[in-house]
Peer 1: 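Take a look at the following structure, please.
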Amino acid sequence: MAERTLRGARLGGQSFEDERGIEFAARQQVGFRCKADHEFEVTMSVEADIPAVWECPRCGAEALNVSGILPEVKAEKPARTHWDMLLERRSEKELEEILKERLELLRGGEIGPAHLHRANKKKKATA
């Protein structure tokens, strides 16, 4: 073992620095209250931006700031449906024409599941 090691000192244990002459950062206590009426305080720097919402340490619910700071309301975009995305690419008139074409092909037996067209083939063969 090297001579420069300190005997009796634990790994990661204590700091041997002295706290004299050290000026701590200015702090403030910020109060919060959740829906279950749990009140608690969080220590923050004076320079920190105070959040409007904090997680309650007891129940995990959202707790609001007691000083009256309100959370920002985020503008939510409405959900885009398949129909909305389809209308971005084609007009309703185009869609109606495509639908008519596809229905004619389906009724004629050119497209679609085979089990739907077996009866049509038998009718055509007997006629």
Side-chain angles (χ1 to χ4, degrees):
M1 197 181 243
E3 289 294 320
R4 58 184 176 214
T5 59
L6 294 171
R7 293 190 178 177
R10 302 175 280 195
L11 277 178
Q14 298 168 313
S15 169
F16 295 109
E17 286 187 27
D18 199 358
E19 291 183 4
R20 284 179 275 160
I22 296 175
E23 192 174 319
F24 292 105
R27 301 176 191 169
Q28 63 180 334
Q29 296 287 50
V30 181
F32 292 94
R33 182 182 301 122
C34 74
K35 292 179 183 176
D37 243 10
H38 298 137
E39 288 192 31
F40 59 95
E41 289 185 337
V42 178
T43 305
M44 295 186 181
S45 169
V46 173
E47 299 171 1
D49 292 331
I50 307 299
V53 180
W54 198 270
E55 184 180 325
C56 177
R58 289 189 191 164
C59 63
E62 245 183 26
L64 293 176
N65 193 316
V66 189
S67 65
I69 300 173
L70 297 174
E72 292 180 20
V73 179
K74 296 179 181 176
E76 293 184 25
K77 296 191 315 187
R80 284 178 45 201
T81 62
H82 179 71
W83 180 248
D84 294 332
M85 290 185 266
L86 194 59
L87 288 178
E88 288 175 7
R89 291 178 280 151
R90 300 188 188 269
S91 67
E92 286 192 43
K93 185 178 177 183
E94 285 177 306
L95 291 171
E96 286 176 15
E97 289 173 12
I98 293 170
L99 177 63
K100 285 178 188 175
E101 290 173 14
R102 301 300 286 183
L103 284 174
E104 285 174 14
L105 291 173
L106 181 65
R107 290 180 183 137
E110 296 177 42
I111 61 169
H115 71 276
L116 293 177
H117 306 300
R118 287 185 195 136
N120 289 343
K121 289 181 181 177
K122 289 178 186 175
K123 288 179 186 176
K124 287 180 184 177
T126 56

Peer 1: With sequence neighbours left out, what residues match R89 under side chain to side chain donor-acceptor pair (under 3.5 Å)?
Peer 2: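 For R89 there are no side chain to side chain donor-acceptor pair (under 3.5 Å) partners, ignoring immediate neighbours.
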
Peer 1: Kindly compute the distance separating CG (L87) from NE2 (H82), expressed to the nearest 0.5 Å.
Peer 2: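 Interatomic distance, L87 CG to H82 NE2, rounded to 0.5 Å: 9.5 Å.
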
Peer 1: Taking it one step at a time, do R80 and E88 satisfy side chain to side chain contact (heavy atoms under 4.5 Å, CB included)?
Peer 2: CA-CA 11 Å; R80 284 178 45 201; E88 288 175 7; 3.3 Å; yes

Peer 1: Which residues pass the side chain to side chain donor-acceptor pair (under 3.5 Å) test with E76, sequence neighbours left out?
Peer 2: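 With neighbours one apart ignored, the set is empty.
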
Peer 1: Tell me every residue that passes side-chain contact (heavy atoms from CB on, under 4.5 Å) with R20, counting only those two or more places apart in sequence or in another chain.
Peer 2: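 So R20 forms a side-chain contact (heavy atoms from CB on, under 4.5 Å) with D18.
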
Peer 1: Could you pull out all donor-acceptor pairs under 3.5 Å where a side-chain atom in residues 37-56 meets a protein atom, sequence neighbours excluded?
Peer 2:
from : atom 1 : to  : atom 2 : distance (Å)
E39  : OE2    : R33 : NE     : 3.0
E39  : OE2    : R33 : NH2    : 2.9
T43  : OG1    : Q29 : OE1    : 2.7
S45  : OG     : E47 : N      : 3.1

Peer 1: Indicate every side-chain donor-acceptor pair of residues 92-101 with a distance under 3.5 Å to a residue at least two apart or in another chain.
Peer 2:
from : atom 1 : to  : atom 2 : distance (Å)
E94  : OE1    : S91 : N      : 2.9

Peer 1: Is there a side-chain contact between E110 and E104, using heavy atoms and a 4.5 Å cut-off?
Peer 2: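 No, side chains not in contact.
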
Peer 1: Side chains of residues 66-74: which donor-acceptor partners sit under 3.5 Å, not counting sequence neighbours?
Peer 2:
from : atom 1 : to  : atom 2 : distance (Å)
S67  : OG     : N65 : OD1    : 2.7

Peer 1: About how many Å separate CD1 of I111 and CG of L105, when rounded to the nearest 0.5 Å?
Peer 2: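 L105 CG to I111 CD1: 5.0 Å, rounded to 0.5 Å.
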
